[in-house]
Amino acid sequence: MNQPTESKTTAEDTVSEAQAAFDAMSVPQQRAAVFRLQGSRETVEAFAVAFILALLFRAFIAEAFVIPTGSMAPALMGAHKDIFCDQCGQQFPIGASLENRTPALENAVVGGICPNCRHVNSLDLANDPNQQTFSGDRILVSKFAYTLKEPQRWDVIVFKVPVNPKQNYIKRLVGLPGETVSIRHGDIYARPNSETATADQPGDIDGSDFDGTDNIGQIQRKPPEKLLAMSHLVYDSDHQAKALLDASYPSRLQPWQPGQSTAPENSWKVTASPDGLTATAQAEGDQTQWLRYYHRFPTESQWRDAIAGGSLADIDPQSGRLITDFYAYDAYLHVDSDRVYDLKPAPGASLFKRLLGQSRTAGVFKSNYESGGDLAQFRGTVVYGGSNHGSEGIHWVGDLIVTQDIETSGDAKQLHLEIVEAGVRHLCHIDLQTGNATLSLERGSSSAEPQSFKFDGNDNLSPTAQTSIRAGQRHAIRFSNADNQLTLWVDDEVITFETPTTFDFAAIVPPDQNQPQYDGAGNPLDAAPVAIGVSGGSAELHQMLIQRDKYYIAVNNSNDGMLDYDMGRLRRFVGAGSQADEIVRDIQILMGEPTIWSEFPGWEARRTVSFQMDEDQFFPMGDNSPESLDARCWAGNKTRLGMYQSPDEDAYKFADVSYVPRDLLVGKALLVFWPHPWKKPLPFWPNLDRMQRIK
C-alpha cells in the first residue's frame with residue numbers, strides 16, 4: 001500500500017485544479033468563461049494598441065500645442081483678454097502673456113485700447129469673468145505635411161527655435177531656401193541668390209541697410225485669403241460710440257468734392273446712431289458725389305470731455321491723420337499686481353479651470369481697487385503695452401482693404417472706389433449698367449491733369465473684368481491695395497481681371513520718395529485715403545469696414561526697439577541727446593499733422609534689411625511684428641547674454657543664425673481646435689467663432 005505523500009502547491013497543481021474546476025462546469029458555463037477571458041484579453045490589447053497608435057500619431061502625424069505668447073496675434077493668440085468696447089461695442093483681444101512671464105504675478109493687465117474708437121477700456125476683473133485672462137489657443141499641427149511637399153511662403157509653421165532647440169516656436173514662413181529675403185516699408189521682397197545686388201551697392205547681405213537703388217527682388221504678394229487673415233481693423237462704421245454721438249463728434253465719413261476746401265452741402269448725408277451708420281447720396285446726371293474717410297479719433301482728453309457730457313462739435317470734420325501699424329493686441333495697459341491684489345493669482349488652477357481657459361487661481365483683490373473704474377486710480381503708474389507701439393503705431397501703413405455694403409438705385413450709372421497711398425490714387429470704376437469693372441492708377445495735384453500709370457503687362461493701362469454688380473442691387477464690395485496689387489471681391493468672391501492687376505510701385509514713386517502726401521483740404525490724399533463715389537442716381541451705404549495689411553518692421557536687432565527708422569539719423573535731426581521713446585512720441589504726434597509731413601526726414605531714414613537663405617534654410621517672422629522674437633533679431637542673443645549652458649556642443653549650433661534649418665522644422669499649423677470657452681452666459685460656453693482653419 002502506497003504511503004500518502006506530503007501535499008505541495010506547484011504550478012502544475014494549480015493548472016490541474018483550474019482544469020478540474022473548468023471540467024466540472026456545464027457546457028454553457030464553460031463557453032461563458034471562455035468569452036469572459038477572451039473579452040478581457042481583447043480589451044487590454046485594444047488599450048495597448050490605442051496607446052501605441054496615439055504615440056505614433058503624436059510622433060509622426062499630428063500633435064496639439066498651446067500658443068503661449070502673442071507673437072502671431074491676432075491670427076493666433078497666446079494668453080489674452082477678450083474685450084467688448086464699453087463705448088462702441090467692438091470686440092477685440094489684448095495680450096496678457098506678460099502675466100505669465102514669472103511664476104508670481106508681477107504685472108496685471110487692467111485695460112485695453114479699442115482699435116475702432118480708441119477708447120481706453122478699464123477692465124472689471126472682479127465682476128466680469130469674461131474679462132479675466134484666458135489661456136492661449138490650442139492648435140493642431142501636422143507633422144506629416146512637409147514630408148509630401150515643400151513648405152510654402154505664408155504657411156504658419158512650428159519649429160524648434162535655433163537659440164534653444166528644446167523650445168517650440170510658431171511663426172509665419174516668409175523666406176525660402178536659396179533666396180535673399182528683404183523687408184522694406186513693411187513689405188517682403190525676395191530674389192534668388194544667383195541674382196546679386198547691384199554692383200555699386202554691395203553691402204553685407206545679412207541684415208545690411210540699402211538706399212533703394214539695389215536689387216532686392218520682387219515684392220511677395222499674399223493670396224487673398226492670407227491677406228484677409230493677416231489684416232488688422234482700422235474702422236468699422238457698424239460700431240458707433242454713443243458718447244461721441246451725444247458730443248457731436250464729427251463722423252469720419254464726410255462728403256467731399258475735388259478742389260473744395262469745405263464739405264459740399266448737396267452731397268452725401270451721414271446718419272449715425274449706436275446701431276451703426278448709413279450714408280445716402282443723390283447724384284444728378286453725370287455728376288459724381290464723393291464720400292471720404294478721414295482717419296481721426298478722439299484723444300484721451302477729448303474722450304473725458306465726451307463722457308462728462310461736453311461737446312466736441314468744434315473739431316474740424318476734414319482733419320485726418322495717417323493710418324499706422326497700431327496693434328490693438330499690443331495696446332494692453334498694465335500695472336504692478338500689488339496695486340490690484342492682496343493675494344496674487346498663482347499657478348496651479350485645476351484641470352477643470354484650465355479647460356475653461358483659466359491658467360491661474362483667482363486671487364484676492366485689494367479692498368481699495370475699484371474694479372472697472374477709472375484708471376486714474378493707479379496714479380500715473382499705468383504702462384501702455386510692452387513696447388513703444390502701445391498707445392499708437394509708429395509706422396505709416398498705406399496698404400488697405402476696404403469693404404463697403406452699398407445699395408444703388410435702378411438709374412445709378414457708376415460706382416467709384418478709391419484708395420490713396422503716397423499720393424497715388426488706386427481706383428476701381430464699376431459700370432452699374434453692364435457690371436464692367438475697370439482699374440486705374442493716377443497721380444497729380446488738384447490743379448493739374450492726373451498722370452496715369454501702367455500695370456504689369458504690355459500697355460496694360462486699365463485692367464477690366466465682368467462682375468455681377470448692377471444698378472438697383474445691394475452688394476458687399478471689397479477693394480484692396482496691398483503688396484502692389486489691386487484686388488476686387490463681390491459678395492466675398494474674388495473677381496478675375498483680363499490682364500494683371502499687379503504693378504511696380506517703385507516705378508511710380510521711387511523708394512526714397514515714398515512718403516505720405518497732403519495737398520490741402522481740397523485734395524487730402526493720404527490724410528483721407530479711402531473714398532467712394534456714385535455717378536447718376538442714388539446710393540445708400542450701409543457699412544464701411546477698413547482694414548490694413550500687415551506691416552513687417554525692418555530690423556536685425558532690437559537694441560533701439562522695434563523701429564524701421566535709422567535712429568542715428570533721427571537723433572541728428574531731433575537732437576543728439578534724444579532718447580528713443582522721446583523720438584517715438586514726436587513721430588506719433590507728426591502722424592497727425594499733415595502740413596509738416598513733407599518736412600520729416602524719417603521717411604528717408606526707414607531701413608531696408610536683407611537676409612540670405614541657403615539650401616534648407618527658412619526665414620520665419622511673427623504676425624505681431626512689434627512684439628515678436630523671430631529670425632530678424634534672435635541671432636546672437638544667447639552669445640550676448642552668456643546663456644550657453646548645455647554640455648552638448650551641438651545644442652546651440654544654430655544660435656547665431658537668422659534662419660531655421662530644415663532639421664528643426666516640426667510641421668504645419670492646421671487649425672485652432674480648442675480656443676478658450678466663454679464663462680458666461682454659461683460656464684464652458686463654446687467659442688465657436690475661434691474654431692477655425694489656420695490661414
Side-chain angles (χ1 to χ4, degrees), residues 235 237 251-271 277-295 317-318 320 400-421 423-444 446 449-450 452 462 464 467 469-481 486 488-490 519 521-546:
Y235 173 70
S237 67
S251 171
R252 298 194 212 178
L253 298 179
Q254 292 289 327
W256 171 85
Q257 281 296 324
Q260 294 187 15
S261 58
T262 58
E265 295 183 359
N266 298 320
S267 185
W268 288 84
K269 304 297 182 184
V270 179
T271 303
L277 176 149
T278 59
T280 57
Q282 176 68 49
E284 303 294 340
D286 293 330
Q287 180 187 28
T288 300
Q289 298 287 8
W290 286 96
L291 183 71
R292 298 206 76 89
Y293 169 77
Y294 292 82
H295 188 57
Q318 292 187 316
L400 304 177
I401 308 112
V402 184
T403 305
Q404 294 160 119
D405 179 357
I406 190 161
E407 184 176 6
T408 58
S409 63
D411 58 343
K413 296 180 179 179
Q414 279 195 321
L415 275 179
H416 311 275
L417 311 176
E418 177 182 316
I419 297 174
V420 179
E421 180 181 9
V424 177
R425 302 173 67 205
H426 304 71
L427 294 158
C428 177
H429 308 279
I430 302 173
D431 188 319
L432 295 176
Q433 301 304 312
T434 65
N436 191 61
T438 304
L439 304 179
S440 63
L441 300 169
E442 297 180 1
R443 187 184 188 189
S446 58
E449 186 70 21
S452 297
S462 302
T464 60
T467 75
I469 302 172
R470 297 293 188 277
Q473 297 178 355
R474 179 174 175 176
H475 292 279
I477 305 173
R478 182 183 296 124
F479 181 50
S480 73
N481 163 43
L486 302 187
L488 179 69
W489 294 255
V490 176
D519 191 27
N523 192 27
L525 299 173
D526 291 280
V530 173
I532 183 171
V534 59
S535 299
S538 62
E540 182 173 6
L541 179 71
H542 297 275
Q543 182 192 19
M544 180 179 284
L545 173 67
I546 302 176

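Computation of the quantities below employed the complete heavy-atom set of this structure, encompassing side-chain atoms and omitting hydrogens, waters and symmetry-equivalent molecules. This one's a predicted model, so the numbers in the text were calculated from it and none came from an experiment.
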Exercise for the section: For His426 and Val424, indicate whether the former's side chain and the latter's backbone hold a donor-acceptor pair under 3.5 Å. Expected result: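 Answer holds: yes.
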Practice task
Check for a donor-acceptor pair, side chain of Arg292 on one end and backbone N or O of Trp256 on the other, with a separation under 3.5 Å.
Solution key: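 A pair under 3.5 Å: no.
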Non-hydrogen atoms of [X] and [Y] that approach each other most closely:
X	Y	result
Ala283	Gln287	CB-O, 3.4 Å
Gln318	Ala521	OE1-CB, 3.9 Å
Gln254	Pro317	CG-O, 3.4 Å
Asp411	Gly537	OD1-CA, 3.4 Å
Ala471	Gln433	CB-NE2, 3.8 Å
Gly444	Asn523	O-ND2, 3.8 Å

Exercise for the section: Could you note down all residue pairs passing side chain to side chain donor-acceptor pair (under 3.5 Å) where residues 529-546 supplies at least one of them, sequence neighbours left out? Expected result: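 Applying side chain to side chain donor-acceptor pair (under 3.5 Å) to every pair that reaches into residues 529-546, excluding sequence neighbours, yields Asp236-Gln543, Asp238-Gln543, Thr288-Ser535, Glu407-His542, Ser409-Ser538, His416-Ser535.
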Separation of [Y] [atom2] from [X] [atom1] (nearest 0.5 Å):
X	Y	atom1	atom2	value
Asp526	Asp519	CG	CG	11.5 Å
Leu525	Arg443	CG	CZ	9.5 Å
Thr434	Gln414	OG1	CD	8.5 Å
Ile430	Leu439	CD1	CG	9.0 Å
Ser237	Ile546	OG	CD1	8.5 Å

Practice task
Evaluate the criterion side-chain contact (heavy atoms from CB on, under 4.5 Å) for residue pair Ile477 and Leu417; output intermediate values, then yes/no.
Solution key: CA-CA 9 Å; Ile477 305 173; Leu417 311 176; 3.7 Å; yes
So, do [X] and [Y] sit near enough that their side-chain heavy atoms are less than 4.5 Å apart?
X	Y	result
Leu541	Trp268	yes
His475	Arg470	no
Ser480	Trp489	yes
Arg425	Leu441	no
Met544	Ile532	yes
Leu400	Val530	yes
Asp431	His429	no
Leu432	Ile469	yes

Problem - side chain to side chain donor-acceptor pair (under 3.5 Å) partners for Thr403, two or more places apart - result: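 Per chain and number, Thr403 pairs via side chain to side chain donor-acceptor pair (under 3.5 Å) with Arg478.
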Problem - Atom CG of Asn266 with >12 non-hydrogen neighbours under 6.0 angstrom - result: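 Atom CG in Asn266 is not packed in, count stays at 12 or less.
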Exercise for the section: Apply side-chain contact (heavy atoms from CB on, under 4.5 Å) to Cys428 and Leu486, showing your working. Expected result: CA-CA 9 Å; Cys428 177; Leu486 302 187; over 6 Å; no
